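Letters A, B, ... mirror the listed sequences (proteins, then strands); counts begin at 1. What you are looking at is a predicted structure, and each value in this text was computed from that prediction instead of being measured.
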Amino acid sequence: MTFISLLQQKLQAALLDLALELPEGFTVQVTASQDTNFGDYQANTAMVLAKRLKMNPRELAGQIIEAIDIDGLAECEIAGPGFINFRLTPKAWSHKVEAILSDDRLGVEAVSSVRNIVVDFSSPNVAKPMHVGHIRSTIIGDTLSRVARFLGHNVIADNHIGDWGTQFGKVIYGWKNLLDEAALKEKPLAELLRLYKSVHDSTKADEALEQLCRDELVKLQQGDEENLKIWKICVELSREGLQKIYDRLDIKFDYSLGESYYNQQLAGTVDSLVEAGLARESEGAICAFSGGQLADKKDPFRINRDGEWQDIPMIIRKKDGAFNYATTDLATVDHRLKEWKADEMLYVVDARQASHFKQLFDITERRGLDVKMEHIAFGTINGKDGTPLKTREGDLPQLEDILSDAVAAAAEVLEEKSGHLPAEEKAALAEAIGIGSVKFTELSHHRASDYIFDLDKMVALQGDTAPYLQYSYVRVKSIFKKLEQLPDFNALAVEVTEPAEVQLIRMISRYGEVIPAVMDGYKPNTLASYLIELARSFHSFFEACPVLKSEGTVQETRLALCEATSRVLEHGLGLLGIQAPKRM
RNA sequence: GCUCCUAUAGCUCAGCUGGAUAGAGCAACGGAUUUCUAAUCCGUAGGUCACAGGUUCGAAUCCUGUUGGGAGUACCA
């Protein structure tokens with residue numbers, strides 16, 4: 001049990017003893033103290049309660065402290081306007097070290113109610129290689145999947161690949177008219193991209209061409225043999241290319257059901273919405289409109305134009321008969337509910353699609369489907385000038401190139417610092433550090449904000465970076481390497497005394513509090529910054545408390561702390577999808 | 001126009017379901033290495049939390065307004 005829940009229990013019991021009339025739904029809150037001068041944990045219960053019960057907060061805090069039974073666990077005192085501060089005893093810390101070492105879950109409790117959570121992330125388009133824009137969804141989605149799974153949920157990671165949308169009409173048109181067979185053999189993905197871009201550029205000034213592309217899409221969706229054949233080849237080629245990157249990133253999906261997977265259901269989906277009265281014909285298209293329950297301002301189907309509120313429908317069948325992503329998304333919801341019994345669906349998708357998801361969620365609710373849906377929105381990755389990242393040619397940088405750049409930068413530093421290591425190991429390390437850097441940079445930012453992509457800073461070895469964490473792990477491990485024999489970690493005598501030791505176990509013990517908090521608001525950066533703090537505490541401990549030169553209980557305590565640190569570090573990095581090397 | 005996101009140290013960013021003296025990294029300055037990997041640690045300096053009101057014991061955090069930045073806004077995803 002985490003210290004927070006333990007202290008909350010104790011507080012709750014004390015309140016019960018005092019026989020106070022608690023307001024309905026009142027729960028006690030305990031938080032880690034920001035400043036250790038105030039102790040380890042604090043509760044504002046007395047202040048909150050005093051206000052509601054019209055009592056004096058400090059007086060109430062005094063009563064609570066009298067009633068609370070935490071002998072041996074913590075000392076507590078009243079402070080300031082009525083805070084109750086808890087300072088854990090050395091014994092409590094020592095027990096915690098032992099508890100963590102004997103616990104596979106490192107103090108993280110599994111959830112009591114397991115939910116089926118679908119995480120929809122990455123979602124690249126075929127025929128277009130992944131670019132910088134896919135970093136965020138792919139990495140955030142992967143981490144959230146890992147964390148939810150570790151918490152005990154039944155996670156279904158689904159890569160909703162864009163293989164059926166309008167862009168495909170352009171690819172098919174290009175294939176039929178501009179295909180360079182030799183180039184296709186040589187570099188298939190580059191050729192597909194060239195076809196798409198070439199046609200896409202031409203359509204900007206050519207309305208007739210745009211129409212031809214739309215026609216190709218309609219033919220495809222209606223089962224035209226030639227178009228289907230082209231489509232199949234493109235999808236296969238693209239998937240191979242995508243898989244290579246996912247392998248490199250160590251990211252796995254349970255399913256990669258592309259938009260095309262739902263093709264057979266699309267017509268039925270539209271029909272059922274029409275039958276349910278949720279959609280109707282408008283300007284030749286079939287659209288879903290507002291349910292009318294919300295105020296215009298809050299209604300995702302309403303928009304104000306020049307002072308007038310108008311409908312902004314969700315189009316589920318275009319006037320040319322083709323379906324679009326809205327239709328597919330609706331069908332996908334049905335599939336996930338029916339086949340996977342989803343309790344929750346998380347869409348890790350760019351913030352720019354917020355209004356689309358609001359509409360989708362609103363419709364789903366109006367259809368009477370019971371499922372929690374969340375749009376895990378994120379911002380843009382910008383270049384150093386603060387505008388969206390672009391290559392010199394003005395294109396979006398490809399993900400593969402970004403990874404290679406990061407790995408190359410890591411290799412350079414590695415050569416300088418650890419030139420003596422075998423070439424093969426250096427290559428693997430560069431990969432781990434380079435990829436880890438990209439991932440950590442992503443995960444250490446709040447997902448909603450934009451951030452600046454600075455390769456040099458990412459791979460830099462100082463500061464809040466992946467290599468800093470990885471180096472911390474290497475440092476712990478180096479201690480054990482010097483031991484002739486590893487101790488039995490469950491049989492160590494642990495007596496935490498030194499401030500640096502206390503600070504370290506304080507951080508270690510917080511792991512069980514941090515992991516559930518990640519899913520609370522779906523913020524991986526909570527875990528990222530926790531790991532930095534943990535690593536920092538470890539480095540301080542490492543400098544202040546010699547392990548191998550100490551003896552007896554002191555040494556056993558420190559070995560136990562080191563082991564616990566290494567386990568939490570490795571595990572936490574694992575949840576972020578980052579490797580923890582044994583040496584570097 | 002309307003909706004959503006956003007504004008915190010010179011730079012890059014945390015902190016936001018209200019809590020005590022607003023944190024970290026980089027850059028700057030000073031120190032630590034015959035000692036478990038110095039890719040480290042310890043310290044100094046650096047702030048009108050965009051601005052103005054409000055809510056209350058208490059606001060970077062919640063509410064209202066203003067300003068700056070970004071995004072979306074009928075058949076693209």
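Taking the P atom of each, G70(B) and U8(B) are spaced 15 Å apart, rounded to whole Å. When the C1' atom is used for both U17(B) and A60(B), the distance is 15 Å, rounded to whole Å. G15(B) and G47(B) have their C1' atoms separated by 15 Å, with the value rounded to a whole Å. The separation of A52(B) from U40(B), taken at their P atoms, amounts to 41 Å, rounded to a whole angstrom. Taking atom P on both A50(B) and G10(B), the two are 13 Å apart, rounded to the nearest angstrom. The separation of C16(B) from C63(B), taken at their C1' atoms, amounts to 15 Å, rounded to a whole angstrom.
In this model, no side-chain donor or acceptor of Asn324(A) finds a partner on the base of A74(B) within 3.5 Å. Judged by distance alone, with hydrogens and angles left aside, Ser444(A) brings no side-chain donor or acceptor close enough to the base of A14(B) to form a pair under 3.5 Å. For Ser418(A) and A39(B), a side-chain-to-base donor-acceptor distance below 3.5 Å is present, hydrogens and geometry of angles not being considered. Side-chain N/O atoms of Asp450(A) and base N/O atoms of G70(B) include no donor-acceptor pair closer than 3.5 Å. At a cut-off of 3.5 angstrom, counting only N and O atoms as typed in the model, there is a donor on one side and an acceptor on the other between the side-chain of Tyr325(A) and the base of A77(B).
Between Lys481(A) and U37(B) there is no side-chain polar atom (N or O) within less than 4.0 angstrom of OP1 or OP2. Phosphate proximity of U35(B) to Lys549(A): absent, as no side-chain N or O sits under 4.0 Å from OP1 or OP2. Between Ser540(A) and C42(B) there is a side-chain polar atom (N or O) within less than 4.0 angstrom of OP1 or OP2. Look at Tyr471(A) and you'll find a side-chain N or O under 4.0 angstrom from OP1 or OP2 of A38(B). Regarding contacts with the backbone of U73(B), every side-chain N or O of Arg302(A) stays at 4.0 angstrom or more from both OP1 and OP2. In this structure, Lys523(A) reaches the G15(B) phosphate: one of its side-chain N or O atoms is under 4.0 Å from OP1 or OP2.
Checked by atom type, the side-chain pair Ser290(A)/Asp299(A) shows a donor-acceptor distance below 3.5 Å. If you check the side chains of His445(A) and Asp450(A), you find no donor sitting under 3.5 Å from an acceptor.
Around the CD atom of Gln211(A), the shell of radius 6.0 Å holds more than 12 heavy atoms that belong to other residues, nucleotides or ligands. Heavy-atom contacts from other residues, nucleotides or ligands closer than 6.0 Å to NZ of Lys297(A) number 12 or fewer.
The distance between the ring centers of His539(A) and Tyr468(A) falls below 6.0 angstrom.
Taking a cutoff of 4.0 Å between a charged side-chain nitrogen and a carboxylate oxygen, Arg536(A) and Asp464(A) qualify as a salt bridge. By the 4.0 Å N-to-carboxylate-O rule, Glu425(A) lies close enough to Arg583(A) to be salt-bridged with it. A salt bridge does not link Asp40(A) to Arg87(A): none of the charged side-chain nitrogens sits closer than 4.0 Å to a carboxylate oxygen.
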### Message
Strictly under 4.0 angstrom, non-hydrogen atoms only: write out the protein contact profile of nucleotides 23-30 of chain B, one letter per nucleotide from the 5' end, B, S or -.
### Response
-SSS----
## Note on the structure
Protein heavy-atom contacts under 4.0 Å, written 5' to 3' over nucleotides 62-68 of chain B as B (base), S (sugar-phosphate only) or - (none), form the string -------
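Judged by the 6.0 Å and 45° rule, Arg280(A) forms a cation-pi pair with Phe289(A).
Residue Phe38(A) and nucleotide A20(B) are classified as a stacked aromatic pair, their ring centres being separated by less than 5.5 Å at an interplanar angle below 30°. Both thresholds, 5.5 Å between centres and 30° between ring planes, are not jointly met by Phe83(A) relative to the base of G19(B), so the two rings are not stacked.
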### Message
Only Watson-Crick and G-U wobble pairs with both distances less than 3.5 Å should count. Give RNA chain B in dot-bracket notation, marking inter-strand partners with |.
### Response
(((((((..((((.....[...)))).(((((.......))))).....(((((..]....))))))))))))....
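Val474(A) and Pro581(A) make their closest contact through CG2-O, 3.4 Å (heavy atoms, listed as atom of the first residue, atom of the second, distance).
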